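A quick note: this is a predicted structure, and the numbers were derived from the prediction, not measured.
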Amino acid sequence: MRLLLLLLVAASAVGRSDASANLGGVPGKRLKMQYATGPLLKFQICDLAAAAVEAESLASLCTGYRRVFEEYMRVISQRYPDIRIEGENYLPQPIYRHIASFLSVFKLVLIGLIIVGKDPFAFFGMQAPSIWQWGQENKVYACMMVFFLSNMIENQCMSTGAFEITLNDVPVWSKLESGHLPSMQQLVQILDNEMKLNVHMDSIPHHRS
């Protein structure tokens, strides 16, 4: 049982650290972008591809967004070599982050109580419910159920479904508002228009008053 607890703690720690990591894309390409001095194109997306996700549909969704980001980064870096490209995880609202953090600790405490057989209800002078009795009789299944159920809720709280794009901190696309991802043609057209507008604004002489 102690080995089971150690394995669950390790899996939880690895999943949390991976989920909070920024999107690096291909390391070589990210290093190459550091030398660009042009406009900054930033992607903020749902990224749970590396996390221990139990909801298969959620994992597929976020993994797909990451692949789209990497494909867009490859094409845009070839078409606009001077553009700097960054990618990062789009954080959910603070309330959902707090809920996920609370659950990540609560599940480990609950698993520990199940393993050592400590009745938390007795501390409050309450009678233990039947589900607690079942957990004491089936500790392995109870610990696994708490772990996977809690992880599923945590990942639902941390998932945003976002694919937000800004150019020099100016929003140019929002999946949260539009409801869908931009096509490559749409994104290229947006960038072309923005680049032309920037060139036009730079060419306008500024007169002192």
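Shown here for Glu88 and Gln44, the closest heavy-atom pair between the two residues is OE2-NE2, 2.7 Å. The two atoms that bring Ile45 and Asn89 nearest to each other are O-OD1, 3.0 Å, heavy atoms only. Between Gly135 and Ile114, the shortest heavy-atom contact is O-CG2, 4.0 Å. The heavy-atom pair separating Leu176 from Thr160 by the smallest distance is CD2-O, 3.6 Å. Residue Gly117 comes nearest to Gln136 through the heavy atom pair CA-OE1, 3.1 Å, listed as atom of the first residue, atom of the second, then distance. Heavy atoms only, all atoms of each residue included: Pro182 and Phe163 are closest at CD-CD2, 4.2 Å.
By the 4.5 Å heavy-atom criterion applied to side chains, Leu40 and Ile83 are not counted as neighbours. Side-chain contact check for Leu187 versus Ile165: some heavy-atom pair is nearer than 4.5 Å.
Separating the NZ atom in Lys107 from the CZ atom in Phe102 is a distance of 12.5 Å, to the nearest 0.5 Å. Going from atom CD of Glu194 over to atom CD of Gln189 covers 11.0 Å, rounded to the nearest 0.5 Å. Within the model, atoms OH of Tyr96 and CD1 of Ile153 stand 13.5 Å from one another, a figure rounded to the nearest 0.5 Å. Within the model, atoms CD1 of Ile111 and CE of Met145 stand 10.5 Å from one another, a figure rounded to the nearest 0.5 Å. The structure places SG of Cys157 at 6.5 Å from CG of Leu103, a figure rounded to the nearest 0.5 Å. Put simply, CD on Glu70 and CD1 on Ile85 are 12.0 Å apart, with the number rounded to the nearest 0.5 Å.
Under the 4.5 Å side-chain heavy-atom criterion for ILVMFWY residues, a single connected hydrophobic cluster contains both Phe69 and Met184. Phe106 and Phe123 fall within a single hydrophobic cluster, where Ile, Leu, Val, Met, Phe, Trp and Tyr are joined by side-chain heavy atoms under 4.5 Å apart, directly or via other members. Under the 4.5 Å side-chain heavy-atom criterion for grouping Ile, Leu, Val, Met, Phe, Trp and Tyr, Trp134 is not connected to Leu110 through any hydrophobic cluster. By the criterion of side-chain heavy atoms lying less than 4.5 angstrom apart, applied directly or through intervening Ile, Leu, Val, Met, Phe, Trp or Tyr residues, Phe147 is grouped together with Val105 in one hydrophobic cluster. Note: the hydrophobic cluster containing Val109 also contains Phe124 (ILVMFWY, side chain heavy atoms under 4.5 Å, direct or indirect links).
Put simply, the side chain of Arg97 gets close to the backbone of Pro92: a donor and an acceptor are under 3.5 Å apart. No side-chain donor-acceptor contact under 3.5 Å links Asn168 to the backbone of Pro39. Between the side chain of Ser104 and the backbone N or O of Ser101, at least one donor-acceptor pair lies under 3.5 Å. In this structure, Glu164 contributes its side chain and Lys175 its backbone to a donor-acceptor pair below 3.5 Å. In this structure, Gln186 contributes its side chain and Ser183 its backbone to a donor-acceptor pair below 3.5 Å. Under a 3.5 Å cut-off, the side chain of Lys42 and the backbone N or O of Thr166 do not form any donor-acceptor pair.
Crowding of Tyr80 atom OH: a count of heavy atoms from other residues, nucleotides or ligands under 6.0 Å exceeding 12.
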Intermediate values then yes/no, side-chain contact (heavy atoms from CB on, under 4.5 Å), Cys143 and Ile115: CA-CA 8 Å; Cys143 290; Ile115 292 176; 3.8 Å; yes
Step-by-step side-chain contact (heavy atoms from CB on, under 4.5 Å) determination, Trp173 to Ser178: CA-CA 8 Å; Trp173 189 274; Ser178 64; 3.5 Å; yes
Worked check of side-chain contact (heavy atoms from CB on, under 4.5 Å) between Tyr141 and Val146: CA-CA 9 Å; Tyr141 292 110; Val146 169; over 6 Å; no
Step-by-step side-chain contact (heavy atoms from CB on, under 4.5 Å) determination, Leu149 to Met152: CA-CA 5 Å; Leu149 181 61; Met152 182 179 65; 3.6 Å; yes
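Between Tyr72 and Phe43, the ring planes lie tilted relative to each other; the angle falls in the 30° to 60° range.
At a threshold of 4.0 Å, the pair Arg74-Glu71 counts as salt-bridged, since one of the basic side-chain nitrogens sits closer than that to a carboxylate oxygen.
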